[in-house]
Amino acid sequence: MRMINWFRKSITCLFLPVVIVILMTACNGDNSTSTVEATEPARTAAAQTAAPHPLPTPGNDDAQFYWWNERVFYEIFVRSFLDSDGDGNGDFAGMIEKMDFLNTGEPSPDENLGVGGVWLMPIFPSPSYHGYDVTDYYDVNPDYGTMEDFKRFLDQAHERDVKVIIDMVLNHTSSQHPWFIESQDPDSPYRDWYIWSETNPGTIGPWGQDVWHKGATGYYYGVFWGGMPDLNYRNPDVVEEMKEVLRFWLEDVGVDGFRIDGARYILEEDEELADTDANHQFFEELRTHVKHINPEALLLGEVWTSNFAVKQYLEGGELDLAFDFDLAGAFMNSAASGRADRALNQLGFSLKLFPPGQFAPFLTNHDMERVMSQLGEDWDKAKNAATLLLTSPGVPFIYYGEEIGMVGRKPDEKIRTPLQWSDEMHAGFTTGFPWISVNPDYPEKNVAGQSEDPESLLSFYGALIELRNRHEALKTGDTYLIKSEAPAVYAILRVSGDEILMVIVNLSRDPVSDYRLSLLDGPLGGSYQVVPLFGEGEFTELTSTQQGGFNEYQPLMTLPPNARFILQLK
Ligand code: CA
């Protein structure tokens, strides 16, 4: 019953000229609101650009890869990145200042994380510190700077071949958005831009929360929170408006794509609140629209649910790429437990479910407790987790601060604290007073310190990203899961053309001697010299079986504790 009401309404005011008076109230950027953010984007296949790479194995011959498959992405919360003007809020000018940290534009890994893409959490005006409740889709948050500042950032990123995608919050606006304020008036043309009911339908949402909220003139639907009323996508005016928003950012501003927030929840059907048929149809239409504007644009979806549901967005040509929440959980589980099976099994599922390469592995994001906190502040486990991530097929995403081992547990503000640049006051984040306290561990844990230490987590991330950037097999190669007799040993083969790489991680803090590796069927033929690209040692030659795999292969007598190797088979 719940959502039936708004079906009957809709489309009453179609041809009223939509004059959007955007009287933007200045956002004060306070941190008074925080809400459960829970959803993820998906991706679609497309007719595109990217030259297909010749791939050797059956099943992958028609694989299509795109520019995003060649890159490691980095998620940035602008408010917490770097404050350039001392007001305590990170800003676009701060990101420009630290561009070299992201990517110098040179292949050298020095001072250079080497990321090829950034995802910015919402940059729109918003009354909340996090920005997921938008009050104007055609402007930027004044806390972050001006649109001109943003365009300067975009230009400089593009000069270094760093792509920029922005968080796009389609499902809901802020309750302070002028559209919603207008819609409180039952006679307003904006009434049907939102979902109103005269009585309270009383529906309970996915987290047991109330999804109907009392407004001035009835009850309105908002799946996440009363401050975030859902837009009514049954109303064609809303669809057209949001299509125009996407056009504006792609064409007039020049971003490279979008991370679609809460993509499961755009269109409800009766009591079904997520992943409805109507929702799938919506994304099919939206992606067609986006590709018409820019065939290269990336639509990445936050579809935070089981991969069985996620894959439908990819198969249906609705999204280009989707975050792989299941794989994120499995990578973290294996890094924490020291057992490889969760990561290997889940990777196997993802390889079966998704179009080749069109899933985005990560460890944690801005909605989850930070990697280092989940791993008990164990640096070795953090390096193991990073190795699983950065050698994985798909498009890896790093959450800012993860690369220096920042800690953070809920509430949300505490997992979104300022990036720790140095041991100076407020971690070098601001010369003023930061919008939220910096983690107290910044004197020992910061970018400056770790940049100078070749053994640091930051250097480790830099080295692995650089390696991935240089080796096609790691980016778009086929993946073979290798069986080991030791539960702690994670091993995969990545293969592209003639390039054959073997990744081996001993997830345990103990040396492992009895770990024979086997691959039943594979792409190999003959005998190979085994040469390390990452890690050091003298490795045993490998001879393949008739089936192109290998049997009971031990590249070293003993794998050291937390060993991480990337070996090339020549
Ligand atoms: Ca600032």
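Both counts, for ligands and for their atoms, begin at 1 and track the order of listing. Note that these values count all heavy atoms, side chains included, but never hydrogens, waters or copies made by symmetry. Keep in mind that this is a model prediction, so the values were computed, not measured.
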ring-ring contact (aromatic ring centres under 6.0 Å, His included) between Y442 and F429, worked out
CA-CA 11 Å; Y442 74 85; F429 162 73; over 10 Å; no
For R247, check salt bridge (charged side-chain N to carboxylate O under 4.0 Å, His left out) against everything at least two apart and list the hits.
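E244, E251, D252.
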Protein N, O or S atoms under 3.0 Å from the Ca ion (ligand 1):
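Protein N, O or S neighbours of the Ca ion (ligand 1) under 3.0 Å, waters not counted, come to 5.
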What is the minimum heavy-atom distance between M121 and Y132, and which atoms define it?
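Looking at all heavy atoms of both residues, the shortest contact is CG-OH, 3.7 Å.
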Nearest heavy atoms of N235 and D192, plus distance in Å:
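Smallest heavy-atom distance, with atoms named: ND2-O, 3.0 Å.
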Verdict with supporting geometry, T387 and N384, side chain to side chain donor-acceptor pair (under 3.5 Å):
CA-CA 5 Å; T387 310; N384 292 343; 5.3 Å; no
Name the orientation class of the two ring planes belonging to Y399 and H366 (parallel below 30°, tilted from 30 to 60°, perpendicular beyond 60°).
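Tilted.
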